[in-house]
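Working notes for the structure below.
Computed over heavy atoms, backbone and side chain alike; hydrogens, waters and symmetry mates excluded. Just follow the structure's listing: the first ligand is 1, and inside any ligand the first atom is 1.
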Amino acid sequence: MIEIELARVYGFCPGVRRAVEMVEEHLRERGPLATLGAIVHNARVVDRLASRGAQGVRSLDEVATSAVAITAHGAGPNVVEEIHRRGLGLVDTTCPIVKRAQEEVHRLSEGGFTVLIYGEATHPEVQGLLAWAGGNGHATLVPSDSPLARAGRLAIVSQTTKEREAFWEFVQAVVGRERGALRELQVVDTTCPETGRRYQAAQDLARQVEAIFVVGSRNSANTRRLAEVVRATGVRTHFIESEDEIHPEWLTGLSRVGVTAGASTPDEAVQAVIARLRGPRGEP
Ligand code: SF4
C-alpha cells in the first residue's frame with residue numbers, strides 16, 4: 001500500500017472556514033440568502049451551499065432574497081451602503097485580516113497618502129481595498145507601474161494573500177524608484193500569515209515524498225500558487241480538483257506521496273483524494 005503524508009498545514013484557512021460557517025448558520029436559522037460572488041473559490045462547496053439556498057450573484061441587482069452575504073474577500077463601503085439602502089439583511093463574512101487591511105487603507109487615504117496596493121487590480125479583495133481608498137488608491141504587481149505620490153506622501157500595503165517576501169521586494173523596488181520624490185512613506189505589511197504557512201508546509205513535505213497532490217479549484221488563485229511553489233521544489237506535482245482526476249499510472253512505482261490543499265479547499269475534498277490514493281493504485 002502507498003504511504004500518504006499530509007502537509008502540516010493545508011486546506012481551509014480560518015477566514016474561509018468562518019465565512020462558510022456564517023453562511024451555513026444563516027441558511028439554517030434564517031433561510032436562503034444571496035452571496036455577492038463565490039463564498040469560496042471551490043465548486044464543491046459552492047454547489048453544496050447552493051443546494052441549501054445560497055445563491056451566488058454578481059451584482060446586487062440580481063439579489064432575489066432578503067439577505068446578502070459579503071465574502072471573506074470583503075467589499076467596499078459603497079457596497080455595504082447600497083445593501084443597507086436596499087433594505088437587505090447583511091451577513092458580513094469579511095475575514096478579520098482583510099478587514100484590518102481595509103481599515104489601514106481607509107486611515108492612510110484619509111491621512112492624505114496615495115495608497116499603493118501590491119496586488120491584482122481585478123481581484124475582489126483588491127477591488128474592495130481600492131474602494132476603501134476612496135479614489136486615492138492604485139493597485140499593481142509591477143513596481144514601475146506605481147503612481148507618483150501626491151505631495152510626496154506614499155503608503156504601501158499588500159493584497160492579503162500575496163507572499164510576504166515578494167511584498168517587501170516590491171516595496172524596495174518602489175522606494176528605489178520614487179526616492180527622489182518621496183517626502184513621507186508608510187508601509188503596512190497586510191499579508192496574511194496563513195498563505196505562507198501553507199507554502200512552507202508544502203515545501204517541507206516535498207522533501208519527504210516522491211510526488212505531491214495539490215487539491216483545489218483551478219479558479220482559486222491561492223491553490224494555483226501553492227501548486228507552483230510545490231512544483232518549484234522539483235518534486236513531481238499533480239494539481240487536481242477532485243479524486244476523479246487521478247490517473248492510476250501516476251502512482252506506478254511510488255511508495256510515498258504527499259497531499260496538500262489550498263486555503264479554499266474543504267476537508268471533504270482532501271479526504272476523498274486520500275481515500276482514492278489508498279485504493280488499489282488509485283483506481284476508483
Ligand atoms: S487567506 Fe488569510 S486573509 Fe485570506 S481569508 Fe484566509 S485567513 Fe483571511
Sum of protein N, O or S atoms, each under 2.8 Å from atom 2 (Fe) of ligand 1: 1
Plane angle bin for W132 and H106 - parallel if under 30°, tilted between 30 and 60°, otherwise perpendicular: perpendicular
Plane angle bin for H41 and H73 - parallel if under 30°, tilted between 30 and 60°, otherwise perpendicular: tilted
Over-ring placement of R218 relative to F239, 6.0 Å and 45° cut-offs: yes
Lys/Arg-Asp/Glu bridge criterion (N-O < 4.0 Å) met for R44, D47: no
Within 45° cone of F12 ring axis and under 6.0 Å: R17 NZ or CZ: no
Co-members of V63 in a cluster of I, L, V, M, F, W and Y side chains, linked at under 4.5 Å: L36, V57, L60, V68, I70, V79, V80, I83, L88, L90
